[in-house]
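To start, the structure under review is shown below, and the notes come after it.
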Amino acid sequence: MKDLAQRFSQNPLLSPAELKPSTEGLEITCLLNPGVFRYEDKTWLIVRVAERPAQKDGIISFPILTPTGTEIIEIALNDPELNASDPRVINYKGTDYLTTLSHLRLLCSDDGIRFYEPEGYRHLAGEGMLQSFGIEDCRVTCIDNKYYLTFTAVSGNGVGVAMRTTTDWKDFEDHGMILPPHNKDCAIFEETIGGKYYALHRPSSVDIGGNYIWLAESPDGIHWGNHKCLARTRPDSWDSARIGAGAAPIRTERGWLEIYHGANKQHQYCLGALLLDLDDPSKVLARTEDPIMIPSTPYELSGFFGNVVFTNGHVLSPDGDTLTMYYGAADEFVCGADFSIKEILSLLK
Ligand code: MAN
């Protein structure tokens, strides 16, 4: 097994304490899983910012969005009807809640390493009853100068994919939920193929099937159909429990290269790669046997949820080979790493 990531020596690039909470009374618990794009000669991250109140002894408390504002729910940790065994999601009286509330925040950089919050750009927060537990893990795709933001919308109704579009990062058009629960990890291709838009997504089937990567097509980039299952989890492998797309696939001579995440039953999240046919992306040409990146540094092994590397954003450098990937480490920090596309392709036989 070879880890191909050249991690930035400056990692972690962003930690929770470096940004200001969105709301009085909340703390930033995690900064993670940024979408990435180039705009006005800068590299931009749209970072998932997960917040909750400072935790008091014996009580778990977390925010949710309601029509009248942010509400804090408090539950005694010894309440027999509480199951808080997962740091990310709890169950209380038969209902699931997230332990943090996420919004999306824009940061930019001239060098791709030092990121700051520019003035004049607002936070993107959950809106409406399908986003009352927040919005997460945004992928950004640019087609004809229009940016398509696909992100996870969470509420008591389930976890689905919502979309907003923009041309200037100031005004956004809301397209609502484009893929209903349970679905996440949606990445739109940055080119149309044969006049159609394509997207990868990850529905979850509760009974037969599992957490697999699917392909969908669309006449307009908004309405999706003709879904096809592209890749499944592999038993006894590093990607045995769930897999999901990273950012938009990268066009290479040999096919569309997709970096994806895979988790095993122990919730270790690694990255691997898929190669899809250029003309017909429903054809999987190859898949890496082993991960190309494995959590291994202290900031990847321990944090809010340790043993995790998760990506949904990258930029390709002008040399055509260096892929600068931004990723969430241990569900708490934003980090960067370079990959050589040639090197990844050499594993896709
Ligand atoms: C999983 C994890 C969490 C996330 C929820 C909802 O539990 O990925 O980080 O908040 O799903 O998307």
Side-chain angles (χ1 to χ4, degrees), residues 16 26 28-35 46-52 60-65 73 82-92 95-105 124-126 129-139 149-163 177-187 201-206 210-213 233 239 241-247 260-271 295 300 302-313 327-335:
L26 297 184
I28 298 180
T29 316
C30 323
L31 294 179
L32 64 165
N33 310 351
I46 180 160
V47 176
R48 169 179 169 194
V49 180
E51 301 177 304
R52 67 179 174 193
I60 184 165
S61 62
F62 51 87
I64 62 167
L65 296 171
I73 298 187
L82 171 72
N83 178 349
S85 54
D86 188 315
R88 304 165 300 174
V89 33
I90 59 145
N91 187 281
Y92 183 59
T95 303
D96 293 320
Y97 297 95
L98 294 181
T99 56
T100 58
L101 175 70
S102 293
H103 65 273
L104 305 172
R105 219 183 268 197
L124 277 72
M129 61 185 289
L130 295 181
Q131 303 181 359
S132 57
F133 295 176
I135 56 176
E136 309 176 343
D137 304 351
C138 186
R139 276 83 174 162
L149 285 65
T150 49
F151 50 87
T152 308
V154 195
S155 74
N157 298 303
V159 176
V161 177
M163 182 161 84
M177 191 171 274
I178 56 165
L179 297 167
H182 188 106
N183 206 317
K184 44 170 52 175
D185 305 328
C186 176
H201 63 109
R202 206 287 296 284
S204 293
S205 180
V206 228
N211 303 299
Y212 306 154
I213 297 176
T233 49
D239 55 4
R242 65 186 73 85
I243 56 174
Y260 73 94
H261 67 265
N264 61 18
K265 305 269 189 292
Q266 291 74 42
H267 306 294
Q268 179 195 44
Y269 281 73
C270 298
L271 303 180
E300 294 164 357
S302 69
F304 184 72
F305 194 74
N307 227 356
V308 172
V309 291
F310 185 104
T311 187
N312 44 285
Y327 67 100
D331 271 5
E332 185 167 335
F333 311 103
V334 172
C335 297

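Both ligands and their constituent atoms are indexed starting at 1 by order of listing.
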Taking the six-membered ring for Trp, are F310 and Y327 ring centroids under 6.0 Å apart? no
To the nearest 0.1 Å, how far is atom 12 (O) of ligand 1 from its closest protein heavy atom, and which atom is that? E136 OE1, 2.7 Å
Less than 3.5 Å apart, any donor N or O on the side chain of Y260 or R202 sitting next to an acceptor on the other? no
Under 4.0 Å from ligand 1, counting heavy atoms only, is it the side chain of D137, its backbone, both or neither? neither
Just jot down the ligand 1 atoms closer than 4.0 angstrom to any heavy atom of V89, in number order. 7 (O)
Could you check whether R52 makes a cation-pi contact with F62, meaning its NZ or CZ is under 6.0 Å from the centre of the six-membered ring and within 45° of the ring axis? no
If you apply the rule side-chain contact (heavy atoms from CB on, under 4.5 Å), what do you find for F151 with Q131, and how did you get there? CA-CA 11 Å; F151 50 87; Q131 303 181 359; 4.0 Å; yes
For ligand 1, which atoms, with element, lie under 4.0 Å from some heavy atom of K184? 1 (C), 5 (C), 6 (C), 8 (O), 11 (O), 12 (O)
Write out the residue and atom name of the closest protein heavy atom to atom 2 (C) of ligand 1, then the distance separating them to 0.1 Å. R88 NH1, 3.7 Å
Run the numbers on Y92 and T95 for side-chain contact (heavy atoms from CB on, under 4.5 Å), then give the verdict. CA-CA 5 Å; Y92 183 59; T95 303; 5.9 Å; no
Does any N or O of ligand 1 fall below 3.5 Å from an N or O anywhere on R48, backbone included? yes
